[in-house]
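Each remark here refers to the structure printed beneath this line.
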Amino acid sequence: MNPRVVIVGAGFAGLETALSLKSLMKSAADITVIDRNDHQSFLPSIHEVISGKVRPDQIEVPLPSLLKAAKIAFLQDEVHAVETTIREVQTTREALQFDYLVLACGAVVRFFRVPGARELAYAFRTPEQADRIGKAVRTLLTSHRHPARILIAGGGLEGVEIAGELLDLVSETGQREALDSGALSIELIEAAKRLLPGCSERVQNFVEDYLGNRGVRLSRGSAITEVRKDGLSLASGETREMSILIWTGGIQPAPWIREISLAKDADGWLQVTDRLQSLDDEHIYAVGDIISFTSAEHPHPLPREAHFALDQARVAALNIYYDTKGYRKIGYHPPTKPQAISLGKAMGVLASDKLFYSGPWVVRLKKLVEKRHMLIYRARPYVSAVSAPLPGAEFRHLLKLLMPI
Ligand SMILES: Cc1cc2nc3c(=O)[nH]c(=O)nc-3n(C[C@H](O)[C@H](O)[C@H](O)COP(=O)(O)OP(=O)(O)OC[C@H]3O[C@@H](n4cnc5c(N)ncnc54)[C@H](O)[C@@H]3O)c2cc1C
């Protein structure tokens, strides 16, 4: 009997795991992908949905047709539990038995139990939420109701990219004067002392100067403690008026993940070995945002980024394949890759520990990455579901198969 592989989530990590595994195992595994949505969304571009530069459907990969072409079963449903002892995934309609499970279900917005935040702030995690934010901001800007106060909670990547898009919207709707006079304000509120915690000081300086010089107010070093209908309070005792609050304050695992009897860190993220298997069950893999990955080379948890999710997916797929063959599994060694940050259409930053570039071309580069992703994933199963060329790292590992282990 073929091994049954169930993959929960078809975001960056889940879809890549499914397609890579299909490439490796062809018809020797029964693969089922479960996702609540019938499409994958390219999350790194959803800030552009706010300004209307992209529509949600332009950054969606349709799952039913794509997985059908790849001969992978797809179930559009919500997973709410995993019973590890009986190897069963439970959805709202079905219970699926598995021999291998891959948890790739991403993260949900975290409101840090701040009173009023969940009810009154606009969450920002999906294209649909970004679309709602864009409509609310446009209505505010074109109503010419002043004072107008747009607050962004969280000065990480999402927060600064939203600020850049809002600056573009302000120019587009003729509200630059209102911003300069203070009748309209855009404010980024970050609990840490600097924007973009985790980035180099050079990136932080550049982004703070760029946004600050263009009229974005920066509030750093004080967390939001309460949100009310027309304002909020900070830990420092200060208050802010507010017309719209956009929440990018943080993420956490979904509540049902906390109920699964698998090892987790203090924040509830799944802990995995360097083979990307759960510490408690070697037939359960976890990849993407849902894991807390540390290793001797990376003592601090890896940032939750799309390129890591894709690399992890390929390693997990290879390891499942190797396991079925009785080969030795490979370790995951995250490569350092530069991060691209867009600050509206006129400026972007491309940086890593060692390099720093800035300019409008970075925004175009980011767009190219999006287009490439759309093209590859929309076309991949049609080109060849079962003989897709394996990227360099996998190819090298496959070559090792030819050698005695
Ligand atoms: C606004 C924003 C901007 C970003 N910008 C960048 C960037 O510029 N560069 C970068 O590298 N990374 C960026 N990221 C991070 C990147 O998008 C994530 O690291 C990546 O999406 C993680 O992939 P994943 O597969 O783990 O999770 P996701 O892509 O979130 O996919 C999870 C999937 O699981 C499904 N799912 C979840 N729960 C269930 C359930 N209970 N039942 C069924 N299905 C379920 C969801 O529908 C979804 O399809 C950004 C993220 C956001 C939100």
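Sequential numbering from 1 along the given sequence is applied to the chain's residues. One-based numbering, in listed order, for ligands and for the atoms of each.
- Annotation: atom 53 (C) of ligand 1 to nearest protein heavy atom, Arg125 NH1, 3.3 Å.
- Phe124 has its ring centre no less than 6.0 Å from the ring centre of Trp247.
- Using a 30° and 60° split on the angle between ring planes, Tyr210 and Phe206 fall in the parallel class, below 30°.
- For ligand 1, the atoms closer than 4.0 angstrom to any heavy atom of Ala104 are 32 (C), 33 (C), 34 (O).
- The shell of residues lying under 4.0 angstrom from ligand 1, judged by heavy atoms, excludes Ala254.
- Defined by atom type and a distance below 3.5 Å, a donor-acceptor pair is missing between the side-chain atoms of His39 and Gln76.
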(Q) side-chain contact (heavy atoms from CB on, under 4.5 Å), that's the test. Do Lys366 and Glu161 meet it? Break it down for me. (A) CA-CA 12 Å; Lys366 226 179 152 169; Glu161 290 197 325; 2.6 Å; yes
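- When hydrogens are left out, the protein atom nearest atom 15 (C) of ligand 1 is Arg304 O, 3.6 Å; that is the closest non-hydrogen contact.
- If you check each of Asn37, Asp77, Val79 against atom 41 (N) of ligand 1, the one with the closest non-hydrogen atom is Val79.
- For Asp35, heavy-atom contacts with ligand 1 shorter than 4.0 Å involve the backbone as well as the side chain.
- For ligand 1, the atoms lying closer than 4.0 Å to a non-hydrogen atom of Ile46 are 1 (C).
- Protein heavy atom closest to atom 31 (O) of ligand 1, with residue, atom name and distance, is Gly11 CA, 3.2 Å.
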Q) Can you list the steps and then say if Lys345 with Asp168 is a salt bridge (Lys or Arg N to Asp or Glu O under 4.0 Å)? A) CA-CA 7 Å; Lys345 65 181 178 209; Asp168 285 353; 5.2 Å; no
Q: Evaluate the criterion salt bridge (Lys or Arg N to Asp or Glu O under 4.0 Å) for residue pair Glu208 and Arg220; output intermediate values, then yes/no.
A: CA-CA 11 Å; Glu208 288 178 356; Arg220 286 151 293 186; 2.8 Å; yes
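- Taking atom 22 (C) of ligand 1 as the reference point, the nearest protein heavy-atom neighbour is Asp289 OD1, 3.2 Å.
- For ligand 1, the atoms closer than 4.0 angstrom to any heavy atom of His307 are 11 (O).
- For the pair Leu195/Gln204, no side-chain contact is recorded, criterion being any heavy-atom separation below 4.5 Å from C-beta on.
- At least one heavy atom of Glu78 sits under 4.0 Å from some atom of ligand 1.
- The nearest non-hydrogen atom to atom 3 (C) of ligand 1, considering only Ile341, Val89, Ile50, Leu43, comes from Leu43.
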Q. Salt bridge (Lys or Arg N to Asp or Glu O under 4.0 Å) between Glu226 and Arg228: does it pass, once the steps are laid out?
A. CA-CA 7 Å; Glu226 190 193 356; Arg228 297 173 299 278; 3.5 Å; yes
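- Side-chain contact of Glu165 with Ser51: a donor-acceptor pair under 3.5 Å is present, judged by distance alone.
- Residue contacts with ligand 1 include Lys366, since one or more of its heavy atoms lies under 4.0 Å from the ligand.
- For the ligand labelled ligand 1, residue Ile290 lies outside the 4.0 Å heavy-atom shell.
- Considering backbone and side-chain atoms together, Phe12 places an N or O closer than 3.5 Å to an N or O of ligand 1.
- One side chain, Glu16 or Tyr377, offers a donor N or O that lies under 3.5 Å from an acceptor on the other.
- Residue contacts with ligand 1 include Trp256, since one or more of its heavy atoms lies under 4.0 Å from the ligand.
- Closest protein heavy atom to atom 39 (C) of ligand 1: Arg36 NH2, 3.4 Å.
- Contacts of Ala309 with ligand 1, taken as heavy-atom pairs under 4.0 Å, involve the side chain alone.
- The residue among Ser41, Gly9, Cys105, Ala13 with a heavy atom at the shortest distance from atom 32 (C) of ligand 1 is Cys105.
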Q: For the pair Glu48 and Lys367, evaluate salt bridge (Lys or Arg N to Asp or Glu O under 4.0 Å) and give the outcome as yes or no after the intermediate values.
A: CA-CA 10 Å; Glu48 291 194 346; Lys367 187 55 49 196; 2.6 Å; yes
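- In Phe308, neither the side chain nor the backbone holds a heavy atom less than 4.0 Å from any atom of ligand 1.
- Close approach of ligand 1 to Gly288 (heavy-atom distance below 4.0 Å) involves ligand atoms 26 (O).
- Scanning the protein for heavy atoms near atom 4 (C) of ligand 1, the closest one is Pro44 CA, 3.6 Å.
- Nearest protein neighbour of atom 16 (C) of ligand 1, counting heavy atoms only, is Ala306 N, 3.7 Å.
- The distance between the ring centers of Phe42 and Phe12 falls below 6.0 angstrom.
- Taking every heavy atom of Leu157 and a limit of under 4.0 angstrom, the matching atoms of ligand 1 come to 5 (N), 6 (C), 7 (C), 8 (O).
- The N/O atoms of Gln339, backbone and side chain alike, include none that comes under 3.5 Å of an N/O atom in ligand 1.
- Arg138 meets the side-chain hydrogen bond (donor to acceptor under 3.5 Å, both in side chains) test with Glu172; sequence neighbours excluded.
- In terms of polar-atom proximity, defined here as any N/O pair under 3.5 Å, Glu158 makes no such contact with ligand 1.
- For ligand 1, the polar-atom distance check finds no N/O of Phe124 at less than 3.5 Å from any of the ligand's N/O atoms.
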(Q) Checking Glu238 against Ser222 for the side-chain contact (heavy atoms from CB on, under 4.5 Å) test, could you report, in this order, the C-alpha distance in whole Å, the side-chain angles of both residues, the deciding distance, and whether it holds? (A) CA-CA 9 Å; Glu238 292 172 71; Ser222 189; 5.6 Å; no
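- Inter-residue side-chain proximity for Ile320 and Leu24 is flagged as unmet; no heavy-atom pair is nearer than 4.5 Å.
- Ring geometry for Tyr100 versus His283: interplanar angle under 30°, hence parallel rather than tilted (30 to 60°).
- Among protein heavy atoms, atom 27 (O) of ligand 1 sits closest to Gly106 CA, 3.5 Å.
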